[in-house]
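Model, not experiment: these values are computed from the prediction. Residue numbering restarts at 1 for every chain, and letters A, B, ... go by the order of the sequence lines.
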Amino acid sequence: MSFENQIVKWYINNKRELPWRENIDPYRVWISEIILQQTRVVQGEKYFNNFIKKFPSIESLSSADESEVLKMWKGLGYYNRAINIHKTSKKITNTLNGIFPNTYNELIKLNGIGDYTASAISSICFHEYNPVVDGNVLRLLSRYYGLKNPIDSLKGQRNIREIGKKLISKVDNPGDFNQAMMEYGALVCTPFPDCKSCIFSSKCIAHINNEVDTIPVKSKKKKPKERFLNYIVFIDSKQKTIVNKRINKDIWYKLNEFPLIESKTEIKNIFTNSDFKKLVDNSHLTLKKENEKIYRVKHVLSHQILYISFYQINVKDLITSGVHLSNLNNYNFPVPITNFINKLLI
DNA sequence: AAAGCGGGGAA
DNA sequence: TTCCCAGCTTT
């Protein structure tokens, strides 16, 4: 049996029962594909269920506030995915008459949908023969064919896409084939695989040449940059504090935070009045030194290492238009700030 | 072509 | 610690 038919057969017999496989509603498939970008199935599954429960249809999603969509995304990371999902839902509802685009060429024009997602949706929902190229496929095919082009290079990825194109052209169900490739990469041909249980081990070039641990090849190695974030958590006598929204093109775009001073190194000394008068509009606030607490935490992202300090400072004056501490859970904070609030502030 | 963008789980 | 996950967008 050919590779492409063998892996589809394996998929039919071994696939996981997952909520987005209950049907092929393009809305649900689309949401699942966006959630699962750079995200493991086990992590994304609960987000998918919560998201679909909150927004059962594309109309309900399109009429929601952006903050409500971000709330469902909180903790999942790469928050532009949520913003793009919201944008695209509005476009489909308001300018495409609510009709989901049903071809690769139309899908790839939408915000947040690239080659992978357009291929996935068009193959699973509309039976188009577009091969997906994700991390699983790159790993599986580069091992099976013994390819040593770096998989993080455009050339290496284009090559594997061409191979995928030939393979998918010979199967009956392109959606099943694409999901089979990813499922096999996720369950069998993993980064540290158990080749004894692999049905392709007798034909896998990497296995035959004992190169499974060196294929796929990756070229890029970038050192994460270090940043020092100092959050000032003002608290007045009425238990109110100041909350801002991140508006710059940076991490945590459109999420909330406390007043921030970013520094080149870790700040040891306590802030003075002049330090934090720069932070807030109502600079009549005065520092009250007693009851001050400092909490430091290291938070690691893929591309940055964050050294975060929270300075909890009581102020004498009342904060105008502040947020009560018991009301903070209505705001979308990044994970390290949520942890601080839950563990130490409330 | 390269950089920027989260968070968590596994080895 | 290091790797990497159903990638996309901007520079």
Asks: Classify the ring geometry between A:Tyr331 and A:Phe333 as parallel (under 30°), tilted (30 to 60°) or perpendicular (over 60°).
Replies: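 Taking A:Phe333 first and then A:Tyr331, their aromatic rings sit tilted (interplane angle of 30° to 60°).
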Asks: Want to settle it: does A:Gln43 or A:Ala118 sit nearer the 5' end of DNA chain C, counting the closest nucleotide to each?
Replies: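 This one resolves to A:Gln43.
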Asks: Categorize A:Asn178 for me: base, sugar-phosphate, or nothing, with a 4.0 angstrom heavy-atom threshold over every strand shown.
Replies: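 It contacts nothing in the nucleic acid.
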Asks: Find the distance A:Asp213:CG to B:dA11:C1' and express it as a whole number of Å.
Replies: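 For the pair A:Asp213 CG and B:dA11 C1', the rounded distance is 14 Å.
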Asks: Measure the spacing between NZ of A:Lys203 and OH of A:Tyr145 and express it to the nearest 0.5 Å.
Replies: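 Separation between the atoms: 9.0 Å.
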Asks: Do A:Glu106 and A:Leu96 come close enough that some side-chain heavy atom pair is under 4.5 Å?
Replies: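 Result no, sub-4.5 Å side-chain heavy-atom pair not found.
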Asks: From CZ of A:Arg21 over to P of C:dA6, roughly how many Å is that when rounded to an integer?
Replies: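 Taking atom P of C:dA6 as the reference, CZ of A:Arg21 is at 11 Å.
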Asks: At 4.0 Å (heavy atoms only), tell me whether A:Gly185 reaches a base, stays on the sugar-phosphate, or touches nothing.
Replies: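 Touches nothing.
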Asks: Measure the distance from CG on A:Leu76 to P on B:dG9 and round it to the nearest whole Å.
Replies: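 That distance rounds to 12 Å.
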Asks: Considering all heavy atoms of both residues, which atom of A:Asp236 and which atom of A:Asp317 are nearest to each other, and what is their separation?
Replies: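 Distance-wise, the nearest heavy atoms are CB-O, 3.5 Å.
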Asks: Give a yes or no on whether a salt bridge exists between A:Arg16 and A:Glu45, defined as a side-chain N under 4.0 angstrom from a carboxylate O.
Replies: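 Judged by the 4.0 Å cut-off on N to carboxylate O distance, A:Arg16 and A:Glu45 do not form a salt bridge.
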Asks: According to the interplanar angle, ranging from 0 to 90°, do the rings of A:Phe310 and A:Phe340 count as parallel (below 30°), tilted (30 to 60°) or perpendicular (above 60°)?
Replies: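 Ring orientation of A:Phe310 relative to A:Phe340: parallel.
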Asks: Students often mix this up, so state it plainly: with edges at 30° and 60°, are the rings of A:Phe48 and A:Trp20 parallel, tilted or perpendicular?
Replies: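 Plane angle over 60°, so perpendicular.
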Asks: 5'-most contact on DNA chain B: A:Gly77 or A:Lys155, nearest heavy atom basis?
Replies: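 Looking at the nearest nucleotide for each, A:Lys155 comes out on the 5' side.
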Asks: Using atom P in both nucleotides, what's the gap between B:dA11 and C:dA6 to the nearest angstrom?
Replies: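 Going atom to atom, P in each nucleotide, I get 14 Å.
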Asks: By the 4.0 Å heavy-atom rule, please label A:Lys222 as base, sugar-phosphate, or nothing.
Replies: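 It contacts nothing in the nucleic acid.
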Asks: Looking only at heavy atoms, what is the nearest atom pair of A:Ile242 and A:Phe258, with distance?
Replies: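 So the two residues come closest at O-CD2, 3.4 Å.
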Asks: For A:Lys148, does the NZ atom sit with more than 12 other heavy atoms under 6.0 Å from it, leaving out its own atoms?
Replies: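 Check fails, neighbour count at 12 or below.
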Asks: Does B:dC5 have OP1 or OP2 sitting under 4.0 Å from an N or O in the side chain of A:Gln304?
Replies: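 Yes, within the criterion.
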Asks: Would you call A:Lys15-A:Glu183 a salt bridge at under 4.0 Å N-O?
Replies: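 No, no charged N to carboxylate O under 4.0 Å.
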Asks: Would you say a side-chain N or O of A:His299 is under 4.0 Å from OP1 or OP2 of B:dG7?
Replies: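 Yes, such a contact exists.
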Asks: P atom, B:dG6 versus C:dT11: distance in rounded Å?
Replies: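 The answer is 15 Å between these two P atoms.
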Asks: Taking atom P of C:dC8 as reference, at what distance in whole Å does atom CD of A:Gln157 sit?
Replies: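 After rounding, the gap between these two atoms is 10 Å.
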Asks: Measure the spacing between OG of A:Ser57 and CZ of A:Arg28 and express it to the nearest 0.5 Å.
Replies: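 Between atom OG of A:Ser57 and atom CZ of A:Arg28 there are 12.0 Å.
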Asks: Taking for each residue the nucleotide of DNA chain C bearing the nearest heavy atom, is the 5' side occupied by A:Ala120 or by A:Phe192?
Replies: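 The residue whose closest nucleotide sits nearer the 5' end is A:Phe192.
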Asks: I need the CG-C1' distance between A:Asp152 and C:dC3, as an integer number of Å.
Replies: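 After rounding, the reported distance stands at 13 Å.
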Asks: What is the distance from CD1 of A:Ile83 to P of B:dC5, rounded to the nearest Å?
Replies: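 Rounding to the nearest Å, CD1 of A:Ile83 and P of B:dC5 are 13 Å apart.
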Asks: Between the base of B:dG6 and the side chain of A:Thr39, is there a donor and acceptor pair under 3.5 angstrom?
Replies: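 For A:Thr39, whose side chain was compared with the base of B:dG6, there is a donor-acceptor pair (under 3.5 Å).
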Asks: Below the 4.0 Å mark, does C:dG7 have OP1 or OP2 next to a side-chain nitrogen or oxygen of A:Gln37?
Replies: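 Indeed not, no polar side-chain atom of A:Gln37 lies that close.
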Asks: Could you work out which one of C:dA6, B:dG8, C:dC4 sits closest to the side chain of A:Tyr116?
Replies: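 From the listed options, C:dA6 comes nearest.
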Asks: What's the closest nucleotide to the A:Arg16 side chain, out of C:dA6, C:dT1, B:dG7?
Replies: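 Nearest nucleotide to the side chain: C:dA6.
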Asks: Counting distance alone, no hydrogens or angles: does the base of C:dC4 have a donor or acceptor under 3.5 Å from a partner atom on the side chain of A:Arg40?
Replies: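 Per atom types, the contact qualifies.
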Asks: What interatomic distance, in whole Å, is found between C1' of B:dG9 and the corresponding atom of C:dC8?
Replies: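 Those two atoms are separated by 23 Å.
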Asks: Could you list by number each residue of residues 125-146 of chain A showing a heavy-atom separation from DNA chain C of less than 4.0 Å, or answer none if no residue does?
Replies: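 Residues of residues 125-146 of chain A that come under 4.0 Å of DNA chain C are, in numerical order, A:Asp134, A:Gly135, A:Asn136, A:Arg139.
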Asks: Given the C1' atoms of C:dT9 and B:dG8, what is the spacing between them in whole Å?
Replies: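 Per the computed distance, 23 Å lies between those C1' atoms.
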Asks: How do A:Ser302 and A:Ser153 order along DNA chain B: which one's closest nucleotide is nearer the 5' end?
Replies: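 Its nearest nucleotide lies further toward 5', so the answer is A:Ser153.
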Asks: Would you say A:Trp73 places a side-chain N or O within less than 4.0 Å of OP1 or OP2 belonging to B:dG6?
Replies: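 Checking A:Trp73 against B:dG6: no side-chain N or O falls below 4.0 Å of OP1 or OP2.
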Asks: Applying side-chain contact (heavy atoms from CB on, under 4.5 Å), run through A:Lys87 and A:Ile83 and close with a yes or a no.
Replies: CA-CA 6 Å; A:Lys87 272 188 204 162; A:Ile83 294 165; 4.2 Å; yes
Asks: For nucleotides 9-11 of chain C, tabulate all protein N/O to nucleotide N/O atom pairs closer than 3.5 Å, reporting atom names and distance.
Replies:
from, atom 1, to, atom 2, distance (Å)
C:dT9, OP1, A:Gly112, N, 2.5

Asks: Counting any heavy atom closer than 4.0 Å, what does A:Trp20 reach on the DNA or RNA strands: base, sugar-phosphate only, or nothing?
Replies: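 Base contact.
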Asks: Considering only B:dG4, C:dA6, B:dG7, which nucleotide approaches the side chain of A:Ala186 most closely?
Replies: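 In terms of side-chain proximity for A:Ala186, the closest of B:dG4, C:dA6, B:dG7 is C:dA6.
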Asks: What is the distance, rounded to the nearest whole Å, between atom OH of A:Tyr78 and atom C1' of C:dC5?
Replies: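 Atom-to-atom, A:Tyr78 to C:dC5, this comes out as 10 Å.
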Asks: Counting just side-chain N and O atoms, does A:Tyr79 come under 4.0 Å of either OP1 or OP2 of B:dG7?
Replies: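 The answer is yes; a side-chain N or O of A:Tyr79 sits under 4.0 Å from OP1 or OP2.
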Asks: For C:dC8, does OP1 or OP2 lie under 4.0 Å from any side-chain N or O of A:Thr117?
Replies: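 For A:Thr117, the contact criterion (side-chain N or O under 4.0 Å from OP1 or OP2 of C:dC8) is met.
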Asks: Taking atom P of B:dC5 as reference, at what distance in whole Å does atom NZ of A:Lys254 sit?
Replies: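 Distance, rounded to whole Å: 16 Å.
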